[in-house]
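Start at 1 with the first residue, then count along the sequence.
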Amino acid sequence: MAIPYPYIPEGRTIQYVPADNPFIQEAREYAREHSIDDTVKTGSVIVQNGRVVGRGANGSEYHNTHECERVRRGIPTGKQYELCEGCHPKNHSEPRAIADAKKNNRDTTGSDLYLWGHWWACEPCWKAIEEAGIKNVYLLEGSERLFNKAHPDNIIGKQFAEVR
């Protein structure tokens, strides 16, 4: 069954790994420890030649003191992140992991990105992924159910309990 991602670039695919994969576990732990988004904590790790070269988590302090402009306007997920400082793509885990790798002079060309906490990557994140030369994007198996707010079996709010 094809997963109806809200966005995926032409010619790209998302791959899946089980919950015991060490890199998805590292992305999970990084999200748990570093994300400042209280609802949907995400974490990304970039892996080059079997070792982690970049880490990032999502979130912004902005929503602590300001209403989300996207929520106020009823804008659906994945759209117009740039309208809200707190939702801006610069605050997403994927670009933050890329920036972390670059800050440490790590080459991301041909690397893999493991993303915990989402079931797809938005267009600005895909653009950053492609510009960084990242070859593969990996999500947790079943993420289209587990991390999809619209799915009745989602685990949002319980995402750090044991994954079933």
Side-chain angles (χ1 to χ4, degrees), residues 3-9 12 14 16 19 23-47 52-104 106 108 111-134 137-140 142-161 163:
I3 297 170
Y5 304 110
Y7 177 80
I8 190 162
R12 295 299 300 247
I14 293 175
Y16 295 88
F23 298 121
I24 204 73
Q25 282 297 311
E26 184 155 348
R28 176 185 187 260
E29 195 58 24
Y30 200 81
R32 189 181 68 73
E33 292 177 5
H34 298 281
S35 174
I36 55 176
D37 183 314
D38 289 334
T39 306
V40 182
K41 293 179 178 290
T42 66
S44 293
V45 296
I46 298 173
V47 178
V52 175
V53 298
R55 294 171 180 83
N58 69 323
S60 166
E61 297 289 336
Y62 183 86
H63 288 142
N64 293 341
T65 55
H66 298 84
E67 181 181 7
C68 177
E69 183 64 20
R70 293 176 56 253
V71 169
R72 190 181 71 71
R73 293 186 189 190
I75 297 170
T77 189
K79 305 287 184 194
Q80 298 179 295
Y81 289 122
E82 69 283 354
L83 293 178
C84 176
E85 177 62 27
C87 298
H88 195 281
K90 69 183 179 188
N91 297 319
H92 295 190
S93 69
E94 302 96 307
R96 285 186 170 170
I98 293 165
D100 181 56
K102 290 181 188 282
K103 177 184 78 173
N104 294 306
R106 303 290 186 196
T108 56
S111 62
D112 298 323
L113 184 139
Y114 291 78
L115 172 59
W116 165 270
H118 267 311
W119 64 282
W120 64 291
C122 68
E123 185 172 358
C125 288
W126 268 111
K127 187 173 188 173
I129 288 165
E130 290 182 323
E131 287 174 358
I134 293 171
V137 173
Y138 291 93
L139 301 177
L140 177 67
S143 61
E144 72 282 359
R145 169 180 55 87
L146 299 170
F147 301 122
N148 183 345
K149 292 177 188 175
H151 198 286
D153 295 333
N154 77 65
I155 61 169
I156 296 169
K158 307 174 287 232
Q159 62 266 45
F160 299 103
V163 177

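Side-chain N or O atoms of Arg28 include none that pairs as donor or acceptor with a backbone N or O of Gly43 at under 3.5 Å. Formation of a donor-acceptor pair under 3.5 Å by the Asn104 side chain with backbone atoms of Asp100 is found in this model. Distance alone, capped at 3.5 Å, is enough to place a donor-acceptor pair between the Gln159 side chain and the Thr39 backbone. The main-chain N or O of His151 is found under 3.5 Å from a side-chain atom of Asn154 such that the two form a donor-acceptor pair. A side-chain donor-acceptor contact under 3.5 Å links Gln25 to the backbone of Ala19. Checking side-chain atoms of Ser111 against main-chain N and O of Ile134 turns up no donor-acceptor pair under 3.5 Å.
To the nearest 0.5 angstrom, Cys87 atom SG is 9.0 Å from Ile75 atom CD1. The CZ atom of Arg96 sits 9.0 Å away from the OH atom of Tyr30 when rounded to the nearest 0.5 Å. Separation of atoms CG (Leu140) and CZ (Arg145) is listed at 9.0 Å; rounding is to 0.5 Å. If you take CD1 on Ile3 and CD1 on Ile8, they are separated by 9.0 Å, rounding to the nearest 0.5 Å. The structure places CG of Asp37 at 7.0 Å from NZ of Lys41, a figure rounded to the nearest 0.5 Å. Once rounded to the nearest 0.5 Å, the distance linking CD1 of Ile24 with CG of Leu139 reads 6.5 Å.
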Any chance you could lay out the side-chain contact (heavy atoms from CB on, under 4.5 Å) test for His63 and Cys84, step after step, and finish with the verdict? CA-CA 9 Å; His63 288 142; Cys84 176; 3.2 Å; yes
Residue pair Ser93, Asn58: steps toward the side chain to side chain donor-acceptor pair (under 3.5 Å) verdict: CA-CA 5 Å; Ser93 69; Asn58 69 323; 5.9 Å; no
Could you go step by step and tell me if Asn91 and Tyr62 meet the side-chain contact (heavy atoms from CB on, under 4.5 Å) rule? CA-CA 10 Å; Asn91 297 319; Tyr62 183 86; over 6 Å; no
As a quick check of understanding, evaluate salt bridge (charged side-chain N to carboxylate O under 4.0 Å, His left out) for Glu29 and Arg32, giving each step before the final call. CA-CA 5 Å; Glu29 195 58 24; Arg32 189 181 68 73; 2.2 Å; yes
Verify salt bridge (charged side-chain N to carboxylate O under 4.0 Å, His left out) between Arg73 and Glu69, making sure each step is shown before the conclusion. CA-CA 6 Å; Arg73 293 186 189 190; Glu69 183 64 20; 2.6 Å; yes
Between Glu85 and Lys90, is a salt bridge (charged side-chain N to carboxylate O under 4.0 Å, His left out) present by the stated rule, with each step listed? CA-CA 9 Å; Glu85 177 62 27; Lys90 69 183 179 188; 2.7 Å; yes
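Side chains of Tyr16 and Glu144 form a contact here, defined as non-hydrogen atoms less than 4.5 Å apart. Inter-residue side-chain proximity for Pro9 and Lys127 is flagged as unmet; no heavy-atom pair is nearer than 4.5 Å. Looking only at side-chain heavy atoms (C-beta outward), Trp119 and Pro6 come within less than 4.5 Å of each other. With a 4.5 Å cut-off on side-chain heavy atoms, Thr42 and Leu115 count as touching. Residues Ile46 and Val52 fail the side-chain proximity criterion, which asks for heavy atoms closer than 4.5 Å. For the pair Val40 and Lys149, the minimum side-chain heavy-atom distance is below 4.5 Å.
Ring-plane geometry between Phe147 and Trp116 is classed as perpendicular, the angle between the planes exceeding 60 degrees on a 0 to 90 degree scale with a lower cut at 30. Between Tyr114 and Tyr138, the two ring planes are parallel [angle under 30°; tilted spans 30° to 60°].
Aromatic rings from Tyr81 and His92 are positioned such that their centres are separated by under 6.0 Å.
At a threshold of 4.0 Å, the pair Arg55-Glu26 counts as salt-bridged, since one of the basic side-chain nitrogens sits closer than that to a carboxylate oxygen.
Pro76 approaches Arg70 most closely through the heavy-atom pair O-NH2, 3.1 Å.
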